[in-house]
Amino acid sequence: MIQTEKMSSLGQLVAGVAHEINNPVNFIHGNLVHTNEYVNALFELLAVYQQEYPNPNPTVESAIQRIDLEFLADDLPKLLTSMKVGSDRIRQIILGLRNFSRLDEAEMKPVDIHEGINSTLMILQHRLRAKPGSPAIEVIRDYSDLPKIECYAGQLNQVFMNILSNAIDALDQAMDSGQWTVDSMNKALSSPSITIRTTTIDNQWAVIRIADNGPGMPEEVRKKIFDPFFTTKPVGSGTGLGLSISYQIVVEKHLGRIDCHSTPDQGTEFVVEIPM
């Protein structure tokens, strides 16, 4: 109950921050388009001046040299382009945060499952990047043509978050123990990865498979992973409630199924099935 309340509060915070940031970012993004047009117009006018007056007086020539006009004309459009790329990225992050929280969808609604998975991956992006001595975690998306699924979008996103976070934890643990290293050229000798596949069964079930190639787990651990408060993480690192809550969301809220297949040294796969 505490964990659920935390997620609810976090969802409200995320949605509020995303909403507040969205307006100024759209303002900046929209003005960059006009700024680019104005800069191009000024450079066109400058080109006409240079054509009509090819031999400027010493004062103008000195100013041209001082500001390095040739470099400025070449670099300023690049700066504006990079600023537009940056604002586009911020807008994508905001959209991902809003999609992830889905506070406006407390009731069951048809939603795009892939959109929820992608939003969750975006939030976890910082944990997928390469670290000193360890390669980045590769995410392989093998999506099928799923129709929109009637579900509680925010709660299902919480399931994806719990499973993906656990997969990243397992891969981090393997990297810390030296399972994946980098050579002298800083290239991965082998890559940690998470594979996400979506399929349907008899047009009645949507199936989401999330698999990692980490250390896996023994059978006695696998049998307990959905038990409340069971965790293999160090004290202070896990509550043992993430997968228990995920089980409740999938099985009780959506009348679906969730299972885990794992073998030591061969990775772990979670299978989530939601009735369509």
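Below, all heavy atoms of this structure are taken into account, side chains as well, without hydrogens, waters or symmetry copies.
A 4.5 Å side-chain heavy-atom check between I245 and Q158 finds at least one atom pair inside the cut-off. With a 4.5 Å cut-off on side-chain heavy atoms, T195 and E269 do not count as touching. Looking at heavy atoms from C-beta onward, V159 lies out of side-chain contact with I208 at the 4.5 angstrom threshold. With a 4.5 Å cut-off on side-chain heavy atoms, H254 and I249 count as touching. Using a 4.5 Å heavy-atom threshold, the side chains of W205 and T199 count as separate. The closest side-chain heavy-atom distance from P135 to P192 is below 4.5 Å. At a threshold of 4.5 Å between non-hydrogen side-chain atoms, the residues M217 and C260 count as touching. Side-chain contact between I28 and L32: present, with at least one pair of heavy atoms (C-beta onward) separated by less than 4.5 Å.
In the model, S246 has a side-chain atom that pairs as donor or acceptor with a side-chain atom of N162 under 3.5 Å. T198 and H114 are linked by a side-chain donor-acceptor pair at a separation below 3.5 angstrom, with hydrogens and angles left out of the test.
Summarising the local packing, CD of E70 is surrounded by 12 or fewer heavy atoms from other residues, nucleotides or ligands at distances under 6.0 Å. Atom CG of D145 has 12 or fewer heavy atoms from other residues, nucleotides or ligands within 6.0 Å. Annotation for E252: atom CD counts as buried by contact number, over 12 foreign heavy atoms lying within 6.0 Å. Other residues, nucleotides and ligands place more than 12 heavy atoms under 6.0 Å from the CZ atom of F43. Applying the 6.0 Å contact sphere to OH of Y143 captures more than 12 heavy atoms from other residues, nucleotides or ligands. At most 12 non-hydrogen atoms from other residues, nucleotides or ligands lie less than 6.0 angstrom from CG of N203.
Using a cut-off of 4.0 Å between Lys/Arg side-chain N and Asp/Glu carboxylate O, R127 and D172 are scored as salt-bridged.
Under the 4.5 Å side-chain heavy-atom criterion for ILVMFWY residues, no single connected hydrophobic cluster contains both L42 and L76. A continuous path of hydrophobic side-chain contacts links F160 to L124 [ILVMFWY only; heavy atoms under 4.5 Å]. In the hydrophobic clustering of ILVMFWY residues, with side-chain heavy atoms under 4.5 Å counting as a link, L128 and I117 come out together. A continuous path of Ile, Leu, Val, Met, Phe, Trp and Tyr side chains, each step under 4.5 Å between heavy atoms, connects M276 with I274, placing both in one hydrophobic cluster.
Atom CD1 in I210 sits 4.5 Å away from atom CD1 in I163 (nearest 0.5 Å). Here T263 contributes atom OG1 and R222 contributes atom CZ; the two are 9.0 Å apart, rounded to the nearest 0.5 Å.
For the residue pair P56 and V60, the shortest heavy atom distance occurs at CB-CG1, 3.7 Å. For the residue pair V271 and R209, the shortest heavy atom distance occurs at CG2-NH1, 3.4 Å. Nearest heavy-atom pair, A170 versus P215, reported as atom, atom and distance to 0.1 Å: O-CD, 3.4 Å. Closest approach of V251 to R257, counting heavy atoms only: CG2-CA, 4.5 Å. Here the closest heavy-atom approach between residue L79 and residue S82 is recorded as O-OG, 2.7 Å.
Of the possible donor and acceptor atoms, one in the side chain of D212 sits under 3.5 Å from a partner among the backbone N and O of G214. Under a 3.5 Å cut-off, the side chain of S62 and the backbone N or O of P58 do not form any donor-acceptor pair. Of the possible polar contacts, none joining the T268 side chain to the S262 backbone as a donor-acceptor pair under 3.5 Å is found. Listed for the N213 side chain is a donor-acceptor partner under 3.5 Å among the backbone atoms of S191.
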Would you please test N118 and R141 for side chain to side chain donor-acceptor pair (under 3.5 Å) and show each step?
CA-CA 9 Å; N118 291 337; R141 307 178 211 212; 2.6 Å; yes
